[in-house]
Each structure stands twice: as structure tokens, then as C-alpha cells.
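Since we're looking at a predicted model, the values are computed, not measured. Note that these values count all heavy atoms, side chains included, but never hydrogens, waters or copies made by symmetry.
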Amino acid sequence: MCLSAEALALFLNIIGSDLVSTEPGRIIVHATEGDVTYVARDDQWCTMGPQLDRMARFDALSTE
């Protein structure tokens, strides 16, 4: 999932800076369920969150 820089800035302002850490080209949101990392890609900020969630659900199904 990718967001424009403006959309990511709005999201980060809503959640507050105490949940966010940054590195060059990377923004990490420290969420209750785990960290979410946004990586700069061209003019957008992208995360693998939806793909990771999908893989976790498949792993859970395969162990049932």
C-alpha cells in the first residue's frame, strides 16, 4: 500500500509523533499490533502491511 507524502503527513499528524521514528528514507509507526515501516519509493511512501497480513493469515490457516 502506498500513500502520497501529503497523505502520510496527515496520517502521522493524526496519530502523534510519540508513535513514530524516522531514518533516512524510512518512517516507522510503532502500532499496538506491531511496527509498520513506510519506505520512500519515487514520490510515494509504501508499506508491505497488506501483504504481510495476508501471509500471516495463510500461515495461520496452514497450521490448523
Side-chain angles (χ1 to χ4, degrees):
M1 175 180 79
C2 295
L3 299 172
S4 68
E6 294 83 10
L8 182 61
L10 177 63
F11 170 64
L12 296 176
N13 284 325
I14 290 170
I15 65 169
S17 63
D18 58 324
L19 298 176
V20 178
S21 59
T22 61
E23 301 172 5
R26 185 179 304 244
I27 296 173
I28 304 162
V29 177
H30 305 285
T32 305
E33 297 294 321
D35 292 350
V36 178
T37 302
Y38 287 87
V39 179
R41 186 179 301 158
D42 298 322
D43 61 342
Q44 295 191 324
W45 288 87
C46 301
T47 182
M48 293 292 294
Q51 292 89 342
L52 295 174
D53 289 345
R54 188 178 315 118
M55 288 187 303
R57 286 194 302 271
F58 284 133
D59 286 343
L61 289 172
S62 66
T63 59
E64 290 182 353

Problem set entry | Point-to-point distance, once rounded to the nearest 0.5 Å, from OG of Ser4 to CH2 of Trp45 | 12.0 Å
Exercise. Hey, does Ile28 have a side-chain heavy atom less than 4.5 Å from the side chain of Ser21?
Worked result: yes
Exercise. Do His30 and Val20 have side chains that get closer than 4.5 Å, going by heavy atoms?
Worked result: no
Exercise. What residue among Leu19, Thr22, Ile27 forms side-chain contact (heavy atoms from CB on, under 4.5 Å) with Leu12?
Worked result: Ile27
For this session: Hey, could you give me the OG1/CZ distance between Thr47 and Arg26, rounded to the nearest 0.5 Å?
Result: 10.5 Å
Exercise. Would a 4.5 Å heavy-atom cut-off, applied to side chains only, mark Met1 and Tyr38 as touching?
Worked result: yes
For this session: Could you tell me whether the side chain of Val29 reaches within less than 4.5 Å of the side chain of Asp35, counting heavy atoms only?
Result: no
